[in-house]
Amino acid sequence: MNEQDDKLDDLVAAHKAETHEAPVHLKQQWHAAIDQAAALERGRAPAPRERWHPGSFFWGMAVSAAIAVSVAIGVFVSDDAIDNTPVPYLVENPAPSDAIPVAYTRGLQQHFRSSRQQLADLDGNEDAAMLVLRLVEQNRLFEAAADKNNAPQLARVLRAFEPILLRLAATDIAPEDAEALRAQLSFELNVMLTKLAKESSDETHST
Amino acid sequence: MKTLAKTILITLALIFAAPGLAQSDDRDSNDELKLAAIEALITAPADKALPLVSKVLAGNHSTEVKEAALFILSQIDKPEAQTTLLKFATEESGELQLEAIRMIGIRGGDGMSNLKSIYDSGDSDAREAVLEAFMIAGDKNSVFEIAKTAEGDDFEEAVEMLAVMGARDELRQLRSARGTSEALIEACAISGDLECLRELAADDSDIDLQVDAIEGMGIIGGDEVNAALVEIYKSASNEDIREAALDGLMISGDDKGLLELYRSSNDSSEKKELLEYLVMTGSDEVWSIIDSALDGDE
């Protein structure tokens, strides 16, 4: 079992590297490894875990591979079960001002709404860990896009979501801890949704 | 007028949601109402929202409610908001302190300059939270400065955070300054620095580190790495290196390399080991190999 754990750790480490533009063969390889790691993870004995560990970023890495192609084409289309709406998030010719492109803001609002709904659907779901990883995937997409769309503050918020999501993806998390993390994330998503809606409304009224 | 009415409603909700179950971790209906009120504060003008948030933070409310208030503070672009966050990050303990540190990272800007002193004076949780705040803010340099002098677990955590942030140059500088270690090898792999790993994989002065580097190459993967791992396996001078190369190939998911080694081997115990690795990689070819092995063809 220890050897298997070591192998899992290796697989886990295999997906830590944070790169948003990876070669295609790596992306395919990471996809396969997500399944392997998840399968092994399910068979692993639980261990105490209190806070997020940076090593958990392997999940982010793994899923970032999945989004890399989408980054390249500028449109993210998620799995049917998650969200069918193509979300534009990169603007090839952003406005010359420092303003955040409207298309990005709309896409981000959709991401926040979708994330909130998926968090609500997590409770008792057998595939919760994989669903959370999909959320990480989407989150990374919008984080990368935020940096490219004059939105460093939004990028920071999105980066701050990820450690919480990764803690939530842990298979050994206690139900009450998971509930607390979901509640925290839902609150923060709601706040950001409200803030974005208000800013959009203010801009509309001022023009 | 609409904003004023909303602010009044929020105020009333915060006042009349009785704080009777203060500091309880259980989410009750009072907390639900308070959280809804706090959430609505994001729409209020900063000068209206700030005193209400401050009141919540000073009051007898649950940790969850106060954490929510801290998040609102992170979104208020006023120096007073930053001052309050710093106060909580330096004077509080436990979850509220950690959350305040996270909020400083989310907020970014001038408040970040205070994180180093919080790191220096804080416990291990606080130090970890500070590193996370630097990650949130995208501040590689501050993590690098910490890693330059940190020891033990603190060093490893800082190195891992640099790896997560893709700080290859900083990690190379650390390796030059502090020597190679398991943490730095892992960081090379996490940050995708193949050149670093190839150097270390060829260095046989410390077999454990050499093994780590070879395995780490599998983390990066790709055709170049896979070919190199097959060569390392073939030319390995001892079993540890050979096994590390196989681990690397498995981590990389390179069933072609493993198949090549399996087919070129004439040693049954070696074939058995290679077959185990092929099974672990989930190779499509493995079933025909098993079939052949059972038939005695291979």
Side-chain angles (χ1 to χ4, degrees), chain A residues 4 6-7 10-20 22-23 25-26 28-33 35-36 39-40 50-58 60-61 147 152-153 155-164 176 179-180 183-184 186-188 190-198 201, chain B residues 25 27 35-36 38-43 64 67-68 71-72 74-75 77 98-99 102-103 105-109 125 128-129 131-133 135-138 157 160-166 186-187 189-193 215-216 218-223 247-248 250-254 280-282:
Chain A
Q4 191 179 19
D6 289 345
K7 299 282 186 271
D10 290 338
L11 285 171
V12 163
H15 299 89
K16 284 179 179 175
E18 187 185 36
T19 310
H20 287 289
H25 72 273
L26 272 182
Q28 292 167 342
Q29 172 188 320
W30 289 330
H31 272 301
D35 296 338
Q36 282 183 296
L40 287 170
E50 291 181 353
R51 285 186 62 76
W52 169 74
H53 191 266
S56 304
F57 254 76
F58 94 90
M61 182 53 202
D147 279 328
Q153 192 186 5
R156 290 196 296 271
V157 173
L158 289 160
R159 273 198 291 273
F161 287 163
E162 191 162 333
I164 297 179
E176 60 272 23
E179 174 53 34
Q184 180 184 3
S186 294
F187 175 84
E188 294 178 357
N190 279 340
V191 168
M192 295 312 296
L193 262 173
T194 308
K195 184 180 182 184
L196 288 175
K198 181 175 185 295
S201 169
Chain B
D25 286 336
R27 210 163 192 238
L35 288 168
I38 291 168
E39 182 188 316
L41 285 175
I42 197 69
T43 62
E64 185 181 6
E67 284 178 356
F71 186 74
I72 297 294
S74 79
Q75 299 301 308
D77 191 18
L98 303 182
E99 202 57 24
R102 173 173 175 257
M103 295 310 150
I106 290 175
R107 189 183 167 83
D125 283 343
E128 200 175 323
L131 291 177
E132 186 180 309
M135 182 277 291
I136 289 169
E157 282 169 9
E160 199 159 26
M161 196 61 82
L162 283 171
V164 161
M165 298 169 85
E186 191 179 68
I190 295 169
S191 62
D193 191 345
E215 290 178 354
I219 291 173
I220 294 176
D223 291 344
D247 285 343
M250 186 199 69
I251 293 164
S252 169
D254 179 31
M280 283 190 279
T281 57

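Just so it is clear, the values below take in all heavy atoms, side chains as well, and ignore hydrogens, waters and symmetry mates. As the structure is a computational prediction, the values presented were derived from the model and not from experiment. Numbered from 1 within each chain, the chains take letters A, B, ... in sequence-line order.
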### Task
Examine whether an atom of I72(B) lies under 4.5 Å from a heavy atom of chain A, and if so say whether it belongs to the side chain, the backbone or both; otherwise answer neither.
side chain

### I42(B) CD1 to L196(A) CG distance, which is reported to the nearest 0.5 Å
9.5 Å

### Query
Judged by modelled atom types alone, do E64(B) and Q184(A) share a side-chain donor-acceptor pair under 3.5 Å?
no

### Task
Applying side-chain contact (heavy atoms from CB on, under 4.5 Å), run through E39(B) and T194(A) and close with a yes or a no.
CA-CA 8 Å; E39(B) 182 188 316; T194(A) 308; 3.9 Å; yes

## Note on the structure
The reported gap from CG in L35(B) to CG in N190(A) (rounded to nearest 0.5 angstrom) is 10.0 Å

### Task
Give the minimum heavy-atom separation between R159(A) and G138(B), together with the two atoms involved.
NH2-N, 3.9 Å

#### Entry: Residues forming a side chain to side chain contact (heavy atoms under 4.5 Å, CB included) with Q153(A), sequence neighbours excluded
R156(A), K195(A), Q75(B)

#### Entry: Contact check, side chains of I164(A) and R102(B), non-hydrogen atoms, under 4.5 Å
yes

